[in-house]
> 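Attaching a single structure in structure tokens format; questions to follow.
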2 protein chains.
Amino acid sequence: MSAQGLPQNQRIDKASTVAADKIAGQLRSDILGGRLAPGERIMQEVLAEQFGASRMPVREALRILQSDGLVTLISNSGAWVSKLSMAECAEAYEIRERLEPLLIRESIPLLSDHEIDVLTGLVEALEENTDVEMFLRLDRQFHLLSYSAAPTAIVSEIIHRLWNTTQHYRRAFTLLMNSERRQITTYEHRLLIDAIQRRDTDEAERTLLGHIRRTRHELGRHPELFIAS
Amino acid sequence: MSAQGLPQNQRIDKASTVAADKIAGQLRSDILGGRLAPGERIMQEVLAEQFGASRMPVREALRILQSDGLVTLISNSGAWVSKLSMAECAEAYEIRERLEPLLIRESIPLLSDHEIDVLTGLVEALEENTDVEMFLRLDRQFHLLSYSAAPTAIVSEIIHRLWNTTQHYRRAFTLLMNSERRQITTYEHRLLIDAIQRRDTDEAERTLLGHIRRTRHELGRHPELFIAS
DNA sequence: TGATCGCAGAATGTATCCATATCAACGAGG
DNA sequence: CCTCGTTGATATGGATACATTCTGCGATCA
């Protein structure tokens, strides 16, 4: 049982020199950016040619994305962009309801003043913004940054995954939001940033929980986003 | 954006004909069974020879186990059996506290009478058992079976992952349990199976939460399980 | 003496080729 | 006309060989 220690830095997010990582990064960006739709087939050879590499690193990239939950692999059959049923999407939101309050609670006391300034700026940018892609990016940045100081690596990873796998449906949902719904979102964000500025963890938790829950309920009213295609 | 549908069965748990799956299965069993310790190095060539295969399926197997959280891969460096710090282990229990009550609540109404009989049998077997490996197996079977009827695939997967990654520490912890502690566990299991038999979801949730929380607190008193080796 | 550079060995990453499984089209039979 | 079996094309899985990167040890120089 000679247990040799791991290198210190278990997480290396910076682009590595490994082709598979680069391909995975590009693919991830394509999926999150909506350029690849859920259910769409991914073929190894096409990707390989596209990247000027052999199929080998592509296969590894697909495995990587599978562990991110972004791609579904089936033996001897192929790879598809993961898709969620309405039930699964609702489930993702239920999990977020239970875990993100934990994250914000752990994070708030450790956020720097500078980070809170950035968060405030993001909320303001969100109010002025009208573009859907920009909304998705800013909203994601705002929430994930608000959790970023939390020292809880495992929860963070789970939440990142859920944000990734639900990204496509948030986009579709955002497109459907009417002005009333946008107003509500704006207010929720204002309440949340206010609580964060005052470092009122309890209030932040409550507001966040309501924010996610309301979104889940709203999503339940749009089953058309999940029709099998 | 021609989204072609995926095959119906996204999950194929039965042993496939694919070598990588078989290797992954064996490795998983080795890790969960304690024959491979956290932090231990895994070398592709050794495994390949051991299975009479080339390094290629081994690499795929390692990716699979990475998505299970059992293995940590580092580019251009190698693979290690995942290990947890005490903080991460405590975090895993905090997540379980928040998600497993959800699972048991969703599961209980859908459990068949037969499954409840099996659960009852497992509790009895646990009380009579004295062997550590058997305890781990029975305890795991009991809890996971009690959740098995829950239609929540995502939560289930998260919980399975957490049980996997904490397995080694549960083993070490189980070895340290004194008779008083074992008594408490027995009572908790009895309360839980009683609530399940009566299909009392609220009581089951409460009992389960306490069960996990007490274990987490108890674990916090044994930092020696996490010394860097 | 110690610190840095460099080289050798080993392990991982990649490419190419071959084997095999899957699926759809086609044709024969009922 | 429908059903079932066969067959062929296509895409994935696996093996071997080669390239690249990392690590640790030792020599050299300040």
Side-chain angles (χ1 to χ4, degrees), chain A residues 2-28 36 39-67 70-82 228, chain B residues 2-27 36 39-67 70-82:
Chain A
S2 66
Q4 311 169 22
L6 289 78
Q8 281 77 354
N9 47 346
Q10 288 201 26
R11 311 247 153 219
I12 302 179
D13 278 354
K14 66 178 173 186
S16 79
T17 64
V18 180
D21 292 346
K22 286 189 267 192
I23 296 175
Q26 180 62 45
L27 249 183
R28 181 183 293 113
L36 283 174
E40 198 159 349
R41 174 97 189 244
I42 301 172
M43 279 189 310
Q44 300 179 357
E45 261 182 286
V46 176
L47 266 184
E49 194 176 359
Q50 191 176 325
F51 281 94
S54 81
R55 275 174 41 225
M56 205 58 46
V58 172
R59 284 161 64 173
E60 308 249 334
L62 291 176
R63 289 282 185 199
I64 293 173
L65 292 175
Q66 182 185 35
S67 43
L70 288 175
V71 160
T72 300
L73 290 174
I74 297 177
S75 297
N76 279 313
S77 177
W80 288 262
V81 179
S82 294
Chain B
S2 66
Q4 311 169 23
L6 289 79
Q8 281 76 356
N9 48 346
Q10 287 201 24
R11 312 246 153 217
I12 303 180
D13 277 353
K14 66 178 175 185
S16 78
T17 64
V18 180
D21 292 346
K22 285 188 268 191
I23 296 175
Q26 180 62 45
L27 250 184
L36 284 173
E40 196 159 349
R41 175 100 189 243
I42 301 173
M43 278 190 310
Q44 301 178 357
E45 261 182 287
V46 176
L47 265 184
E49 194 175 0
Q50 190 175 327
F51 282 93
S54 80
R55 275 172 40 225
M56 205 58 44
V58 170
R59 295 164 63 93
E60 309 246 334
L62 292 176
R63 292 281 184 202
I64 293 173
L65 292 175
Q66 182 185 35
S67 54
L70 288 174
V71 160
T72 300
L73 290 174
I74 296 177
S75 297
N76 278 314
S77 178
W80 288 262
V81 179
S82 295

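Proteins come first, then strands; the chains are lettered A, B, ... in the order of their sequence lines, and each starts at number 1.
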> Base, sugar-phosphate or nothing for A:Leu62? Non-hydrogen atoms, less than 4.0 Å.
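Nothing, no nucleic acid heavy atom in range.
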> Rounded to the Å, how far apart are B:Met43 CE and C:dG9 C1'?
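Between C1' of C:dG9 and CE of B:Met43: 13 Å.
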> Looking at every non-hydrogen atom in both residues, tell me the closest pair between B:Ala53 and B:Pro57 and how far apart they are.
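Of all heavy-atom pairs spanning B:Ala53 and B:Pro57, the closest is CB-CG, 4.0 Å.
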> Could you state the atom-to-atom distance from CG of A:Asn76 to P of C:dC23 in whole Å?
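Spelled out: CG on A:Asn76 to P on C:dC23 is 9 Å.
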> Expected output is a numbered-order residue list: members of residues 53-61 of chain B with a heavy atom under 4.0 Å from any atom of DNA chain D. What is it?
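When residues 53-61 of chain B is checked for heavy atoms under 4.0 Å from DNA chain D, the hits, listed by number, are B:Ala53, B:Ser54, B:Met56, B:Pro57.
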> Output the rounded distance in Å from CZ (A:Arg41) to C1' (D:dT10).
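Atom CZ in A:Arg41 sits about 9 Å away from atom C1' in D:dT10.
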> Once you round it to whole Å, what is the distance between P of C:dA21 and CG of A:Leu73?
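Computing the A:Leu73:CG to C:dA21:P distance gives 19 Å.
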> Map A:Gly52 and B:Ile42 onto DNA chain C by nearest heavy atom, then report which one ends up closer to the 5' terminus.
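Going by which nucleotide is closer to the 5' end, it is B:Ile42.
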> Determine which pairs satisfy salt bridge (Lys or Arg N to Asp or Glu O under 4.0 Å) with at least one residue from residues 43-62 of chain B, sequence neighbours left out, and list them in order.
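Found A:Arg59-B:Glu60, A:Glu60-B:Arg59, A:Arg63-B:Glu60.
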> If you take all heavy atoms of A:Ala79 and A:Val71, which pair is closest and at what distance?
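Nearest heavy atoms, A:Ala79 then A:Val71: CB-CG1, 4.2 Å.
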> Considering residues at least two apart in sequence or located in another chain, which fulfil the side chain to side chain contact (heavy atoms under 4.5 Å, CB included) criterion with A:Ala24?
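A:Ala24 satisfies side chain to side chain contact (heavy atoms under 4.5 Å, CB included) with A:Ala61, A:Ile64, A:Leu65 once adjacent residues are dropped.
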> I need the CD-P distance between A:Glu45 and D:dA9, as an integer number of Å.
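Rounding to the nearest Å, CD of A:Glu45 and P of D:dA9 are 16 Å apart.
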> What is the distance from CD of B:Gln44 to P of D:dT16, rounded to the nearest Å?
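After rounding, the gap between these two atoms is 15 Å.
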> Rounded to the Å, how far apart are A:Glu49 CD and C:dA15 P?
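These atoms are roughly 14 Å apart.
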> Given D:dG13, is OP1 or OP2 found less than 4.0 Å from the side-chain N or O atoms of A:Arg63?
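Checking A:Arg63 against D:dG13: no side-chain N or O falls below 4.0 Å of OP1 or OP2.
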> Answer yes or no: is there a side-chain heavy-atom contact under 4.5 Å between B:Leu27 and B:Leu36?
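The answer is yes, as the side chains (C-beta and beyond) meet within the 4.5 Å cut-off.
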> For B:Ala20, which contact category applies under a 4.0 Å heavy-atom criterion: base, sugar-phosphate, or nothing?
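Since only primed, P, OP1 and OP2 atoms lie under 4.0 Å of B:Ala20, the category is sugar-phosphate.
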> Would you kindly give the CZ-to-C1' distance between B:Phe51 and D:dA15, to the nearest whole Å?
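For the pair B:Phe51 CZ and D:dA15 C1', the rounded distance is 17 Å.
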